[in-house]
Each structure stands twice: as C-alpha cells, then as structure tokens.
Number of protein chains: 2
Amino acid sequence: MVRVRMSDVAARAGVSTATVSMVLNGVNSTRISPQTQQRVREAAEAVGYKPNSVARSLRTQQTRMVGLISDTIASTPFAGRMLAGANDVAREQGHLVVLVDTERDVEAERQALQALSGQQVDAIIYACMWHRVVEVPEGLPGDAVLLDCAPASGGRAAVVPDERAGGMAAVRELLAAGHRRIAFLDAEKRFDLVASRLRYEGYLEVLADAGIEPDPALHVRAEPVAGGGREAALRLLELPEQRRPTAMFCFNDRMAMGAYAAAHHCGLSIPGDLSVVGYDDQQLIAADLDPPLTTVALPHYEMGRWAMEVALGLLKGDPAVPHLMPCPIIRRASVGPPPAQFGD
Amino acid sequence: MVRVRMSDVAARAGVSTATVSMVLNGVNSTRISPQTQQRVREAAEAVGYKPNSVARSLRTQQTRMVGLISDTIASTPFAGRMLAGANDVAREQGHLVVLVDTERDVEAERQALQALSGQQVDAIIYACMWHRVVEVPEGLPGDAVLLDCAPASGGRAAVVPDERAGGMAAVRELLAAGHRRIAFLDAEKRFDLVASRLRYEGYLEVLADAGIEPDPALHVRAEPVAGGGREAALRLLELPEQRRPTAMFCFNDRMAMGAYAAAHHCGLSIPGDLSVVGYDDQQLIAADLDPPLTTVALPHYEMGRWAMEVALGLLKGDPAVPHLMPCPIIRRASVGPPPAQFGD
DNA sequence: AACCTCAAGTTAATCGATTAAACACATCGG
DNA sequence: CCGATGTGTTTAATCGATTAACTTGAGGTT
C-alpha cells in the first residue's frame, strides 16, 4: 500500500500543494475558484488521498491526541467506563486517546510523561481508578486534568464523585422505607479511603436531619470485600433484637454481597427481614444478586466525559476545588419496609 | 515551557545537529570522538533536551505507536485485563497504545482505521471483548492482529481462548472429585456464542473418555446471567433424585452465581450437597462468592500480551489458524466429593 | 611529492504537510 | 496610460528530526 501524498493530488489536479491544502482544509477557500476546488476534490478522491497527520502535527504543533495516564487499567472494572466516557468525547472532537498505564510506579510515570510530551499530545488526563487524594507526579503539566482523584496540593482541575451526597441518598432511601435502625458497614480505617469518610459523613448528616441519634454499635468496619461484609453483617445480626439494625448501608456492593450471604446464613430474607443498600453499582454484581441490589452508582462514565471536556477546553474546570459529580441511586429490589414488629 | 530543539543542544555543544543526533541515538557513534560525545550529552542534559517524536516519526516513518481498535471498552470488565497485557508489552518495547472504541459501529470503525492509518501507527490490533467470529472491517491492514476473535474469512493472525480445553479441564475437575452426574448449564443458542459450542464439546469429550453416557436432561440452557443460572439450576434440582446432578459446570461465573442462589433456595450446601464450577474467573465475583468459586480463567491478560507481541513482530503469528491460549483452572472451594449416597 | 586512508565531523536533502508572502493577470477609475 | 484594487494561485519557508554524501586535515606509503 503506497501512501499517496498531497503532491500526488496536486499533480493530478494540475495545481500546487498549497491549493490542495487550502481546499481540503477549507482555509481561505473563498479565494479559490469553485472549479478548482471541484477539481482538487475529485483528484483527492480519485487517488484515495489520506492526510498524513504526523506531518500535519509537526507543522501545526497540534496532534489531536490526548494522553491518558492511569495508575492501573487492570485492577478495577471501573476503568472501562471512565475510558469510555473520555474516549467518546475525544472522538466527538476528532481526537485520539493515547493510553499509558503506569501501575503506580513513579519511574513509569516519569517515563510516561516524557513519552507523552515528546509525542506532543494536546492535553493530558491523569486518572486514578478509585477516588483518592494524590501527590501529582513531578512534571505533570499545569493544565492536566485529574480524574477520580483530588490533588494533594490543590490548584488543578479535577473531578471526583460526590460521595457525601451519595451516602445521603442511600440513607434517605432507607429512611423513606421506614427504617430507623440503619447500620453502616464501612471499610476499615487502614485502607484510608476518601470515599469511606465522605459516605459516613453523609450517613450521619441524614440521620441527624431525621432526628435519629446514631448508634455507634451500628457503625461497623471490615475489609471492603464480600468476606468482610459477611463478617460485619453477622456481627450486627448477633446483636440483641432491639438493638439489631433493620437495614444496612454497605460501603460497596461487594460488602453488600457479603451481607446477603450473612442474611441467608441467619435465615433472613431480603428485603422482607433486612433491607440492604450498596454502593458502586458494580457491573455483573449489583443487578445479578438475588434480589437485585439497590445501590448508589459511581458516575465513572460521566467523570470520564467531564475530564475530557475540560482537557479539550470545551468546559472550564475550576482549579480551586474538585468538581463533584452526582452519584445517582439505582433502585432495585433490596429495600423494603422494616419487619412488622419494628414498624411504627 | 519553551521546547528545546536539537539545534539548541548543537549550539551549546558547538557541533552540528547531525552530530547530536548520532550521539544521542548511538548511531555511527564510533565515528564521533568520546570527548565530543561527552560534550553533547552534557549539553543535552543542561538544556533539558527531549526529542520531538512527531518530527522523528515524520522522518523515520515509524511512530512507535500501536492502534488498538476495540468494539466496546465499557461493556465488559475483561477489557482492562486485555488492555493491560497489550499495554505492558508495548511499554516494554517503548511503544504507546492508541485506543479507539468503535462501539461496533461500522462507520466508526471506518473512521478509526482512517485516523489510525493517518496517524501512521506501526501496527494495529483489533480486539473483541468476548470471543467471537468477526467479519473484519474493510480496510483493516493485512498484518493487523485479531484479539479474542477469529476472522470469518481466515488468513490473519489471531488469538482466542482455548475454550474446548477449558471445558475439558472443568469437567475433569469434577470427575476427579468423584462426580458422575455432571450437568452443563449452557447459554441459550440464540446468543450464538462460540464459547458455548466449544465448552460443550469439551464437556462431551471428557465424559466420553470417562465412559459416561451423557444424559441429555443434564444439558440445560438459559440466559447466561445470574437469573438464568438460577432458573436452570432449579430445573435440574427438581429432577427425581436418581437423575439429579451432583455437580454443575456453568457456562460462566454469573450463571454459577445463580446456581448458588438456587442451591440456597433448595437448602443445599456447596460443595457438600452440590459442586459447582464456573467459567471466566470474573473479578470481584468468583473469589467473592461464598464459598469461593472454582472456575476456569479466561486468559485475557495473556492474550493481550500475545497480540501485542505479534503486532510488534516479536512473535510470529500463524495466519492459518488462530492461536489458542490455555484457560487455567482456578481451584477454590466449590468442588467436593458427591454426597455419600451417590458415592462409589 | 603524489597519493591513499582514516578519523571526525559537517552539509544538505528529506519526511509531508501548512501558510505568509509573492506573483500574475484582469478590471477599473481618473 | 498609470496606478490601484482584487482575484486566483504559486513560491518557498517552516515544523524538528535523520542520514547519505561530502569535507577536511592528519598521518602513512611508496
């Protein structure tokens, strides 16, 4: 497959490459006669001309490529949704995404930045695969956009989920169903998760608004996986009946999965005897549990879009404070009214 | 941030750009005196020179970028692992991955190919997010590598999981535990899944080898999600005792999840009363079930690596027949001996 | 002295576009 | 008839590297 150059088109149309360039890019096209334009377009079509973007980039100093650096592509199933959001916007704008996975290795990050800046990408997005506060790598350009993480030292455009509001929505959902004794199955402190703190704040605030005194016994922590959720739920279900929760808000869907297991183990049915709300709306889990899990969705796709929109200058990000993306509640079938003896 | 060019380095070192280029790339470097080399390197360091890969690419006709076209980034959690494999190899080789998601839209595929060829990528990988036979898009270069799909019309390097061997491994695992009545919870025919046919073939072959007459009643089909698995398992568990299976091989982990639910519902314990084997080794599901699921892993990471290795010419792919990547069995806790009354 | 070889560079063409500036030609007013 | 104005197109510089071909001077041979 021989590449056809602009000069081939020019030769065939009997004009100079300058003319071809102007016609095909629609620049200064008023200054070129319609007949010539027509000839050029036909010639381009006839020889199958495809512009060489490398050459164009060299000249224009724009590559129409955006670098996306992420700490780990593989480790979470969320990656795809964020990539998809970013990718969709890029495509709409005629840009391509160059992906670099640094696996959280500082040296790899340095190399990646170097490669991307050598590659002259038009913008850079720095993405984390779960919500954290990060020390941005040295050499990250000031206009890079942070995705699913907040900069430790501020001053950069960033987008993160509104975990606090998400926590509030979850608890409100349970409150609305009539629950008063609502547990929070939290992640252990040692994981130091931003999300954990914020969701808990949301939990407390809604209880306070409802005039409910939070019971410290109902705030339990475990490893944020199914096993941890099971164990934490079991601890709660062993409480004396009047102190036992009628609903559980779980830090994530995996813990909710464990809570389901615990409920089965104790012969309790969901939502008849126990209501459960998760967080993450994890693909292939939340909707597949039995009964399907009511949960709070992490807006990965939307955050990916936002980051790309800001990176491409379509939207202005506020460097002072991270943009909070709402976490919608997804209603399925794991929430019901509390068992009769607890009703009002 | 002003970009520093090679001529800046040359000026500072008091040599020509040709010399700088040779020194920094180690080409013809025997022809340049050590003192000069030293001077050049120091100058480059001093001014913070970073090569401009766009210019280099234009000259060398190599971009050190590989295009990865995929039908859907977002829809499966497998994407990440394949991307990670491809990405790791690319990085090892000093290449970057340019990602394009076409969402299975023919027009988008055409555009993507055009963009990538305009971008002069050195190689192209066409990836599917689940094992299929595809009509490759017109214009896909002959040396593009197919990942997790086989070309309808052959003649291209491709890699797919060895589903047949995977199915065999799963059934052998159950056989080895002493089971004789092994069901296959298959996907419905209308989904027309390559994997379904091959796994079933593997199932039949192992039974034949073991001298077991396959019971058609034990081959049931349903939608390959949790709900379908539950329903299919329930149908099997309603069989009269002597015809009931003691083990279930499920088309995927989601169906296995449903089989768990069915077992719970019938008051059966896993693996005490029923053994279950899944397929996919789906993150956040298989290991998180209670008990953890024994399953067959889809080698996404390895396939991603293989595809990139072939694409970069590190490995030679056989265009005649797709490369089969082994699917290792992952032993966890859902397989045990059959209940006593069925023992031998 | 004439010629050759080798070492250590340099010169200049090239990759394929974009674009400011120049050019050729026509038209028109005075 | 001159200059101004306008129109349509070309010329040539440029982006920043790579690299084949050439230069220059020193040293060696006969």
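What you are looking at is a predicted structure, and each value in this text was computed from that prediction instead of being measured. In what follows, every chain begins at residue 1, and chains take the letters A, B, ... in the order their sequences are listed.
With distances taken from any side-chain atom of B:Q61 to the nucleotides C:dG16, C:dT18, C:dA13, the minimum falls on C:dG16. Residue A:R59 has its side chain nearest to D:dT14 when only C:dT14, D:dT14, D:dT10 are considered. The side chain of B:A18 sits closest to C:dA12 out of C:dC15, C:dA12, D:dT9. For A:V15, whose side chain is taken as the heavy atoms from C-beta onward, the closest listed nucleotide among C:dA17, D:dT10, D:dA17 is D:dT10. Among the nucleotides C:dG16, D:dT18, C:dT18, the one closest to the side chain of A:A55 is C:dG16. Here the side chain of A:M22 is nearest to one of C:dT19, C:dT18, D:dG8, namely C:dT19.
The residue A:T60 sits close only to the backbone: its heavy atoms come under 4.0 Å of sugar-phosphate atoms, none of a base. B:N28 comes within 4.0 angstrom of nothing in the nucleic acid, heavy atoms only. Within 4.0 Å of B:S33, counting heavy atoms only, lie sugar-phosphate atoms of the nucleic acid but no base atom. Among the protein residues, A:S53 comes within range of no part of the nucleic acid, since none of its heavy atoms lies under 4.0 Å from any strand. Among the atoms of the strands shown, base atoms are found under 4.0 Å from some heavy atom of B:T19.
Among B:V106, B:I69, B:L113, B:T102, the single residue meeting the side chain to side chain contact (heavy atoms under 4.5 Å, CB included) criterion with B:P137 is B:L113.
Other residues, nucleotides and ligands place no more than 12 heavy atoms under 6.0 Å from the CD atom of B:E45. Remark: B:E107 CD is packed, more than 12 non-hydrogen atoms of other residues, nucleotides or ligands lying under 6.0 Å away.
Rounded to whole Å, atom C1' of D:dC15 lies 14 Å from atom CG of B:D8. Atoms CG (B:N25) and C1' (D:dA17) sit 9 Å apart, rounded to a whole Å. Whole-Å rounding puts the A:Q38 CD to D:dG8 P distance at 16 Å. What separates CG of A:L24 from P of C:dA17 is a distance of 10 Å, to the nearest Å. Atom P of nucleotide D:dT19 and atom CE of B:M6 are separated by 10 Å, given to the nearest angstrom. Straight-line distance from the CD1 atom of A:I32 to the P atom of C:dC23: 19 Å, rounded to whole Å. Rounding to whole angstrom units, OH of residue A:Y49 and C1' of C:dG16 are separated by 7 Å. If you take CZ of A:R56 and C1' of D:dC15, they are 14 Å apart, rounded to a whole angstrom.
Mapping A:T36 and B:K50 onto DNA chain D by nearest heavy atom places A:T36 closer to the 5' end of the strand. Closest-nucleotide positions on DNA chain D for A:T17 and A:Q37 were compared, and the one nearer the 5' end corresponds to A:Q37. Both B:Q35 and B:L58 lie close to DNA chain C; mapped to their nearest nucleotides by heavy-atom distance, the more 5′-ward contact belongs to B:Q35.
Contact annotation: A:R31 side-chain N/O to D:dG8 OP1/OP2 distance is not under 4.0 Å. Phosphate proximity of C:dC15 to A:N52: absent, as no side-chain N or O sits under 4.0 Å from OP1 or OP2.
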Which atom pairs, one a donor and one an acceptor, fall under 3.5 Å between side chains of residues 46-57 of chain A and the rest of the protein, sequence neighbours left out?
{"residue": "A:N52", "atom": "OD1", "partner": "A:V54", "partner atom": "N", "Å": "2.8"}
{"residue": "A:N52", "atom": "OD1", "partner": "A:A55", "partner atom": "N", "Å": "3.0"}
{"residue": "A:S53", "atom": "OG", "partner": "B:G118", "partner atom": "O", "Å": "2.8"}
{"residue": "A:S53", "atom": "OG", "partner": "B:Q119", "partner atom": "N", "Å": "3.3"}
{"residue": "A:S57", "atom": "OG", "partner": "A:S53", "partner atom": "O", "Å": "2.7"}
{"residue": "A:S57", "atom": "OG", "partner": "A:Q62", "partner atom": "O", "Å": "3.2"}

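Interface remark: the A:R5 side chain does not form any donor-acceptor pair with the C:dG16 base, using a distance-only criterion of under 3.5 Å.
Partners of A:A307 under the side chain to side chain contact (heavy atoms under 4.5 Å, CB included) rule, at least two apart in sequence or in another chain, are A:I125, A:V145, A:L147, A:V159.
A salt bridge does not link A:R81 with A:E302: every distance from a Lys NZ or Arg NE/NH1/NH2 to an Asp or Glu carboxylate oxygen is 4.0 Å or more.
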